[in-house]
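Below, chains carry the letters A, B, ... as their sequence lines are ordered, and counting in each starts from 1.
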Protein chains: 2
Amino acid sequence: MSEKRTDPRILRTRKFIMDSFIELSSKKEFKDITVKDITTEAMINRATFYYHFDDIYDLLEKVLSEELLINLDCSIYEKNKLDEVAFTEIFKATTNFQMSLSNRCHRGYEDTIARIIRDQLEVIFFKMLLNHHPSENDEALKLMATMMSWGIYGASVEWRRTNEKIPPEEFIKTVIPYLKNAIKS
Amino acid sequence: MSEKRTDPRILRTRKFIMDSFIELSSKKEFKDITVKDITTEAMINRATFYYHFDDIYDLLEKVLSEELLINLDCSIYEKNKLDEVAFTEIFKATTNFQMSLSNRCHRGYEDTIARIIRDQLEVIFFKMLLNHHPSENDEALKLMATMMSWGIYGASVEWRRTNEKIPPEEFIKTVIPYLKNAIKS
DNA sequence: ATAAATATGTTGGATATCCAACATATCCAA
DNA sequence: TTGGATATGTTGGATATCCAACATATTTAT
């Protein structure tokens with residue numbers, strides 16, 4: 001439907017910036033990365049950075065969001081059904097994402113990262129709940145989505161605390177019946 | 001002296017184009033490479049290609065020239081003296097260049113490549129001869145440079161024909177005394 | 001031989017990027 | 001604390017790149 005071509009310069013530059021940021025993140029902590037570092041690595045002008053992103057936090061947010069979304073199988077969105085498969089996939093995506101993050105060590109910024117992940121999860125859950133209960137009022141669904149995002153994120157933290165001994169799908173399996181009950185009409 | 005900053009966009013795009021061309025050259029013959037191929041690989045617009053180069057032959061010429069120059073040790077230019085060291089280095093650069101070329105197989109365009117190499121060598125020799133014999137008339141020096149470029153190039157072809165059994169510096173060693181005699185005042 | 005398809009160059013207007021300069025903000029050593 | 005250095009954002013004008021459209025070649029298939 002809404003077919004809007006985006007200028008290839010924009011895609012290119014955005015990618016350069018994001019890739020440079022990811023590259024730098026593997027070398028030093030987030031707090032030591034400056035906008036100048038990024039633009040130098042990306043071979044672009046500093047002003048151009050601000051053409052694409054508000055600031056370095058905005059960049060971080062977008063990098064993390066996009067990467068989390070990549071982890072999420074698109075098929076979930078297609079059917080838009082909040083069943084056990086969807087729960088499992090979302091949890092797996094979250095743990096996957098956390099594992100890839102820990103390799104790249106954005107040290108000193110964990111809480112912000114956590115917030116971004118939860119925000120993303122909340123958006124996903126809200127969309128799906130909306131699909132499940134079209135007649136329910138938005139406030140209730142919104143709060144439900146919030147709680148589910150915190151819950152899933154908390155579970156992934158707990159999973160990581162156990163040193164990833166159990167596969168994510170096993171780990172989350174036991175509580176899925178409760179989740180399913182929770183969203184029953 | 002003449003310090004003129006060149007726009008980083010130009011350096012970047014030129015490099016993308018040249019690198020893409022080199023990359024493509026390793027995959028298919030020169031005659032099968034189109035401008036579209038190059039610009040697609042380089043992620044730039046086709047019109048932008050023509051902003052930097054007249055056509056694909058101009059690109060080839062510039063890629064080869066720059067690469068030949070990279071092979072030539074800058075120290076030769078610094079002293080600008082046409083002694084046995086210079087002859088040896090220039091010959092080594094030529095053979096090096098030919099070897100790297102044969103790996104990338106610009107098949108179907110060998111004669112043009114040969115011409116480009118000779119042109120480059122001629123320029124170098126002319127500069128050096130001019131330095132050696134400032135009073136001599138340019139026509140004579142120009143012709144001398146032409147003959148030396150053909151000679152050196154021919155020697156490198158001959159060297160290649162012997163399957164590179166002898167190191168280039170050994171190969172050229174025996175004729176250097178004659179070359180030195182030839183340019184005596 | 002003819003037509004259709006693809007490649008080559010060129011152009012004018014739109015837009016992304018560059019640059020230098022500026023005002024603030026933050027950091028860190030004297 | 002103070003001052004110098006460095007980082008952050010912002011702006012206006014200059015320039016490189018994009019794009020669509022065009023006219024010609026060149027290639028390919030029938």
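- Counting non-hydrogen atoms under 4.0 angstrom, B:Arg14 reaches nothing in the nucleic acid.
- Atoms CG (A:Asp7) and C1' (D:dA16) sit 12 Å apart, rounded to a whole Å.
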Please set out all donor-acceptor pairs under 3.5 angstrom arising from side-chain atoms of residues 171-179 of chain B, sequence neighbours excluded.
none

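- For A:Ile56 and C:dA25, the CD1 to C1' distance is 16 Å, given to the nearest whole Å.
- Not counting sequence neighbours, A:Phe87 has no partner by the ring-ring contact (aromatic ring centres under 6.0 Å, His included) test.
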Please tabulate, one pair per line, all N/O donor-acceptor pairs under 3.5 Å involving side-chain atoms of residues 152-159 of chain B, not counting sequence neighbours.
| unit_1 | atom_1 | unit_2 | atom_2 | d |
| --- | --- | --- | --- | --- |
| B:Ser156 | OG | B:Gln98 | NE2 | 2.8 |
| B:Ser156 | OG | B:Tyr153 | O | 2.7 |
| B:Glu158 | OE1 | B:Arg161 | NE | 3.3 |
| B:Glu158 | OE2 | B:Arg161 | NH2 | 2.9 |
| B:Trp159 | NE1 | B:Ile166 | O | 2.7 |

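- For the segment residues 38-53 of chain A, residues with any heavy atom less than 4.0 angstrom from an atom of DNA chain D are, sorted by number, A:Arg46, A:Ala47, A:Tyr50.
- Listed pair A:Thr13 / C:dT17 meets the phosphate criterion, a side-chain N or O lying under 4.0 Å from OP1 or OP2.
- The distance between atom OH of B:Tyr57 and atom C1' of C:dG9, rounded to the nearest whole Å, is 13 Å.
- When rounded to the nearest whole Å, the span between NZ of A:Lys15 and C1' of C:dA16 equals 19 Å.
- Residue A:Phe16 belongs to a hydrophobic cluster whose other members are B:Phe16, with links defined by side-chain heavy atoms closer than 4.5 Å.
- Residue A:Arg9 places a side-chain atom within donor-acceptor reach of the base of D:dT17, judged by atom type and a 3.5 Å distance cut-off alone.
- Atoms CG (B:Leu11) and C1' (D:dT17) sit 15 Å apart, rounded to a whole Å.
- Axis angle, first five pairs versus last five pairs of the helix from C:dA1-D:dT30 to C:dA30-D:dT1: 50°, rounded to 10°.
- In this structure, B:Lys36 places its NZ atom 15 Å from C1' of C:dA5, rounding to the nearest Å.
- Salt-bridge formation is detected for the pair B:Lys28/B:Asp37: a Lys NZ or Arg NE/NH1/NH2 atom is positioned less than 4.0 Å from an Asp or Glu carboxylate oxygen.
- Remark: B:Glu122 engages B:Lys142, B:Ala145, B:Thr146, B:Ser149 in a side chain to side chain contact (heavy atoms under 4.5 Å, CB included) (not counting sequence neighbours).
- Between the CG atom of B:Asp55 and the P atom of D:dA25 there is a distance of 15 Å, given to the nearest Å.
- With sequence neighbours excluded, the residues satisfying side chain to side chain donor-acceptor pair (under 3.5 Å) with B:Glu66 are B:Arg14.
- The side chain to side chain donor-acceptor pair (under 3.5 Å) check on A:Asp54 picks up nothing, with sequence neighbours excluded.
- Each of B:Ile38, B:Leu59, B:Thr48 was compared with B:Phe53 under the side chain to side chain contact (heavy atoms under 4.5 Å, CB included) criterion, and only B:Leu59 meets it.
- The interatomic distance linking B:Arg12 (CZ) with C:dT17 (C1') rounds to 7 Å, in whole Å.
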